[in-house]
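Letters A, B, ... are given to chains in the order of the sequence lines, protein chains preceding strands, and every chain is numbered from 1.
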There are 2 protein chains.
Amino acid sequence: MSETFKGKSTSRRGFLRGAAAAGAGALAAGAAKAATPDPLITEPQPWAQGLGEGVDVTPYGLPIQFENDVVRRNVDWLTADTISSINFTPIHALDGTITPQGCAFERHHSGAIELAKEDYRLMINGLVDTPLVFSYADLERFPRENHVYFCECAANTGMEWAGAQLNGAQFTHGMIHNMEYTGVPLRTILEEAGVKTEGKWVYVEGADASSNGRSIPMEKALDDVLVAFKANGEALRKEHGYPVRLVVPGWEGNMWVKWLRRIEVTDAAVQSREETSKYTDTLEDGTSRKWTWEMDAKSVVTSPSPQAPITHGTGPLVISGLAWSGRGAITRVDVSKDGGKTWETARLAKPGEKMALTRFYLDTTWDGTEMLLQSRAMDETGYVQPTKTQLREVRGLNSIYHNNCIQTWWVKPNGEAENVEVS
Amino acid sequence: MSETFKGKSTSRRGFLRGAAAAGAGALAAGAAKAATPDPLITEPQPWAQGLGEGVDVTPYGLPIQFENDVVRRNVDWLTADTISSINFTPIHALDGTITPQGCAFERHHSGAIELAKEDYRLMINGLVDTPLVFSYADLERFPRENHVYFCECAANTGMEWAGAQLNGAQFTHGMIHNMEYTGVPLRTILEEAGVKTEGKWVYVEGADASSNGRSIPMEKALDDVLVAFKANGEALRKEHGYPVRLVVPGWEGNMWVKWLRRIEVTDAAVQSREETSKYTDTLEDGTSRKWTWEMDAKSVVTSPSPQAPITHGTGPLVISGLAWSGRGAITRVDVSKDGGKTWETARLAKPGEKMALTRFYLDTTWDGTEMLLQSRAMDETGYVQPTKTQLREVRGLNSIYHNNCIQTWWVKPNGEAENVEVS
């Protein structure tokens, strides 16, 4: 806890300097900074004069009207048709680590289907002792686990390979969410059917028309994969795979099969479309990277950022962002204000948790000069998030997926921020 | 992890017995339990034949239509008017620990007001060196913390003093929610203003017409209280105090002042309506319990329960529920099937966290005979959740608030459950 208040002793003077700029200040007569009379203090507040609205009119509460810009957003040109589409989490406007389902990004290949629990079936077939079909009610009878995990699309930040393209953290890094999942370990389901010794992979398949299918090595399938039916305590949203989706901790989002229909135990990978022509990256020498399942350590400053400029002038400034790694827990995040020349270690809101988002803060003071804001994540394996230059040296320029390079925001003296590249 | 799979070796046989009853079974020719042909397996699935809906039509995603019963509910007779009302979290239908804001219970005394961030002011006055007024933007400039805490109304389970009244966990125990809060420690705000040595209490007040106000001892105010502006990552819902509410970990919900307007440092408690004529309990001898701030250790089985009956027949059964304590972390939860004669220790989904909900599971087998289901929580102070008889011996029959007694569900051979009392 004590580190939370590092620099507290200096924060007070710092704050009052900033508070004046932000229109607040001291009330006491003769105080150094007397506030100009504020009608919201000196006049009766209108909302305190009458009755508010009862909320039983909305049994399921929605965000207040003033927050109606905090929503998932699409990028018109990204997909030809909304039937195959992806949208972005408004990470620039969120704090903490949990992503509400309502604004959690989602990718669908043939739309979001409506599949009732009563109609749901999960087939386990292939190299098993006893092929089985489970109803939703059957799944509820196995021992459950709860875990908070991030889900990141492999294409997150993919448009940035060619240079600074999209002007906002929501669009550059918003193909990610972080929720508390409740489900049955895939291991339990496989043990129920009995995996034959030749069974080395599982092929998981969705029930929508795209029948999105991926091959997962048995080692991972028996490790931490969940057959999940709740996220943040409640049923999955339709677009997140209601009633059942796969949760594949730390691995690319496309493997988190939604509307999970079938799990086939195989002796080899199926080499499906989604793991050959898609979700692979061509290198400079013409060869392709395949089986790039794990999401590398990554981070981004969410505020200030292009959609979250500094509006309060100089003085105390909270720089905040998110960090994550598909290989385990985040151990440290550094922040640079000068495009990577010098770094300060940020404060982690909580110790990093395996394959979950970590919130970081840098409580600092802004003198009004421009900044080239960057964040750099490190995980428990010792991996350090690379620069875009370092990444290009290894991967070339043809990649789409797995762009985990350091992001730069150019914060101008007026507080506005822009997506830029620094060499 | 290993404890998660206690009894796994027996679960398979157990499961297949149950699965048959639930309509699933083995597919393999010659398998012991061949399934009757299932059109959802043998026929093309309609939702796989066409395109689903694009989700960009709902930028803020809502629950699927099949879940429209998983909502907050009111009890008509509980309050005279919805302008002063309370509703209940559908805990019988949730799992895990996080409560989505959309279905998190809320209590309001004069409706839910709409207060824009731009119009928001927070005054710190009274026994301070420098009275201050903060705008919302000012608050965003202080170092922030993130914590998951439960918020329970002191009246939760209050209607049960007289006997088994309400038939459902949502109504008997649903005045509770558990969210990840982001905010500024109240300690930081108080240090900014400078507390005079005579300042021993803070009086916190809401901006709505009820100006709900409570006195909090300085020791608590300087400990873990948060001035919060985000819950589960996003802005507070209107009915949860947008844009700023107080978070008072472990203490009764009425002190978690919504639409927080003013914090006055005082030398004594204010003795407001909400801490004298309300939120006190009259004992048998006519005296009253006052300053009953902490929520005692408590638990409830959420499934099976009256709103979540057993529908799958005999065999494997997951008994699940929630436990919490205002005095620290839950260390153990026991479950009884015979009204408290014998107890089994439940599995905690995660180690208990201070002042946060803990999910427990008992993975068991049901033989179809009736059960008197109970759960009993223990916290890190060694406190054990009491029976209703034990509570009445100490508190009499006139209480409304702080009923943390052991709850009993009578589960009948047909799987339905009823709220009952056992002596």
Side-chain angles (χ1 to χ4, degrees), chain A residues 12 18-19 22-24 26-28 40 47-48 51-56 59-61 64 66-67 71-72 74 82-83 94-96 98-100 102 110-113 115-116 121 130-131 133-135 137-138 141 143 146 180 182 207 209 230 232-235 237-239 242 312 316 349 363, chain B residues 19 22-24 26-28 31 40 47-48 51-56 59-61 64 66-67 71-72 74 82-83 94-96 98-100 102 110-113 115-116 121 130-131 133-135 137-138 141 143 146 180 182 192 207 209 230 232-235 237-239 242 312 316 349 363:
Chain A
R12 182 173 176 179
L27 282 184
L40 289 163
W47 46 84
L51 295 173
E53 200 183 278
V55 299
D56 58 333
Y60 196 92
I64 194 167
F66 309 124
E67 297 291 314
V71 291
R72 296 182 294 211
N74 209 324
T82 59
I83 288 305
L94 304 181
D95 208 321
I98 292 291
T99 314
S110 57
I113 61 171
L115 172 47
R121 298 291 186 273
T130 314
V133 173
F134 298 119
S135 67
D138 296 334
R141 306 178 70 176
N146 299 312
E180 180 191 45
T182 299
K230 293 273 206 286
N232 296 341
E234 65 184 340
R237 293 281 192 272
K238 174 178 70 173
E239 58 269 28
Y242 181 91
H312 55 56
D363 306 305
Chain B
L27 284 183
L40 290 163
W47 45 85
L51 296 173
E53 197 183 280
V55 299
D56 58 332
Y60 196 92
I64 194 167
F66 309 125
E67 297 292 314
V71 291
R72 296 182 293 211
N74 208 325
T82 58
I83 288 305
L94 304 180
D95 207 322
I98 292 292
T99 314
S110 57
I113 61 171
L115 172 48
R121 299 291 185 274
T130 315
V133 174
F134 297 119
S135 67
D138 296 334
R141 305 178 71 176
N146 299 312
E180 180 191 44
T182 300
E192 193 67 34
K230 293 274 205 290
N232 296 341
E234 65 184 340
R237 293 280 193 273
K238 174 177 71 173
E239 58 269 28
Y242 181 92
H312 54 56
D363 306 304

All heavy atoms of A/Pro59 vs all of B/Val71, minimum pair found to be CB-CB, 3.6 Å
So CZ of B/Arg141 and CG of A/Asp363: to nearest 0.5 Å the spacing works out to 12.5 Å
Whatever's closer than 4.5 Å to a heavy atom in chain A on B/Tyr242 counts as side chain
Discussion item. If we ignore hydrogens and angles and just use 3.5 Å, is the side chain of A/Arg121 paired with the main-chain N or O of B/Leu40 as donor and acceptor?
Written reply: no
Given the options B/Asn232, B/Thr99, B/Ile98, A/Asn232 meets side-chain contact (heavy atoms from CB on, under 4.5 Å) only with B/Ile98
Smallest heavy-atom separation, A/Ala207 atom then B/Ala48 atom, equals O-CB, 3.2 Å
Those residues at least two apart in sequence (or on a different chain) that pass side chain to side chain contact (heavy atoms under 4.5 Å, CB included) with A/Leu51 are B/Ile83, B/Ser110
Q | Test item: B/Asp95 and A/Asn146 side chains (from C-beta on) under 4.5 Å apart, heavy atoms | A | yes
From the list B/Ala349, B/Gly233, B/Ala116, B/Ala235, the residue making the most non-hydrogen contacts under 4.5 Å with chain A is B/Gly233
Correct closest heavy-atom pair for B/Thr182 and A/Gly96 would be OG1-N, 3.4 Å
Looking only at B/Glu67, B/Arg237, B/Lys238, most heavy-atom pairs under 4.5 Å shared with chain A are made by B/Arg237
With sequence neighbours left out, the residues meeting side chain to side chain donor-acceptor pair (under 3.5 Å) with A/Glu180 are B/Thr97
All heavy atoms of A/Pro100 vs all of B/Tyr60, minimum pair found to be CB-OH, 4.1 Å
CD of A/Glu234 to CD1 of B/Ile64, rounded to nearest 0.5 Å, is 12.0 Å
Nearest heavy-atom approach of A/Trp47 to B/Ile113 is O-CG2, 3.6 Å
